[in-house]
Amino acid sequence: MSRKLGFTLAEVLITLGIIGVVAAITLPMLIQNYQKTVLKSQFKKVYSEFFNAIKLAQSKNEAPVYCYYWQKSPYPSVVCMEYDSKYGTCSKWAMPDGSPLPSNYNGIYNDCVDFFYSKLFGHVLKYAKHCKNNALLNGCLTEQYRGVDKIKAEIDDSVEYNPNMGFSDSVLKQTGEAWVLIDGTVIVKWCGYMCKTPIFMVDINGHKRPNKWGYDIFSFIFRGTENNGITELAPYNYFYEEGGFSDSQMLWEAYR
């Protein structure tokens, strides 16, 4: 009589259980790493296309475009003269000697609103949708987007954050100008200093999740000089959520 060799049902179940435990531990990490790799690739693509569009729009002008923050500021650091009693943020800045800030303290914005943005969006960067304001109601954003004030309030509800500054929830969804490009990329313009400032929030994969700062949402700033106009699409490092990358970190990760 021959003896048949094999595994018992208990042995098979134990092996499958071990495989299941190992898979449960490793699969989330593998999926997370894959998602990060995809986002890095998308970041690099969007950043390159955005910066190339800026350079092309400026070259078509055949002259420096004055829509930038200083590459290297010619002015000293400012001092805060007054603080907002409700939010604790500075409400009035001045030069070190107390004199008012020059109109070009941060940079030169003369060409931004009436000239360069119209050249950049539509002529070079093709968009599927444009919202001059009310980006949420007009379909450029969805309810999944959250302004920085809302996110910070969830982290620490003991502090009241200014809802009218920067990329707050109301600025993103109601005030800021927004574009949805043909490839789905979402770009929202910062609405400070009469909406002239060249700062942008960019969602590199559009309305697709996660729609989180430091994951698929980043911020950039135009920098330049008087002789050359816009010279750089620089990371603004405005904000990133837990586990995400700062704008500088993501730029380094994408191009290393």
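Ring pair F116/Y66: centre-to-centre distance not below 6.0 Å.
Residue G206 comes nearest to N211 through the heavy atom pair O-OD1, 3.2 Å, listed as atom of the first residue, atom of the second, then distance. For the residue pair Y161 and D156, the shortest heavy atom distance occurs at CE1-O, 3.9 Å. Nearest heavy-atom pair, S219 versus F167, reported as atom, atom and distance to 0.1 Å: CB-CE1, 4.3 Å.
Side-chain heavy-atom separations under 4.5 angstrom define the hydrophobic clusters, and the remaining members of the one that includes V79 are M81. Other members of the cluster containing V171 do not exist, because no ILVMFWY side chain is joined to it at under 4.5 Å. Apart from Y83 itself, the hydrophobic cluster it occupies contains nothing, where clustering links Ile, Leu, Val, Met, Phe, Trp and Tyr at side-chain heavy-atom distances under 4.5 Å.
Around atom CE of M95, more than 12 heavy atoms belonging to other residues, nucleotides or ligands sit under 6.0 Å away. Heavy-atom contacts from other residues, nucleotides or ligands closer than 6.0 Å to CD of E154 number more than 12.
If you run side chain to side chain contact (heavy atoms under 4.5 Å, CB included) between Y145 and each of V188, V186, L136, only V186 comes through. Residue E241 is tested with R146, K212, K152 for a side chain to side chain donor-acceptor pair (under 3.5 Å); the sole match is R146.
Between the side chains of N104 and Y75, a donor-acceptor pair is found at a separation under 3.5 Å.
With hydrogens and angles ignored, the 3.5 Å screen pairs no side-chain donor or acceptor of H130 with any backbone N or O of C140. Under a 3.5 Å cut-off, the side chain of Q58 and the backbone N or O of I230 do form a donor-acceptor pair. Of the possible polar contacts, none joining the D247 side chain to the L251 backbone as a donor-acceptor pair under 3.5 Å is found.
Applying the salt bridge (charged side-chain N to carboxylate O under 4.0 Å, His left out) rule to R223 yields no partners; only residues at least two apart in sequence or on another chain are considered. Not counting sequence neighbours, the partners of D169 by the salt bridge (charged side-chain N to carboxylate O under 4.0 Å, His left out) test are K173.
Within the structure, the salt bridge (charged side-chain N to carboxylate O under 4.0 Å, His left out) test picks out the following pairs touching residues 42-67 (sequence neighbours left out): K45-E49, K45-D183.
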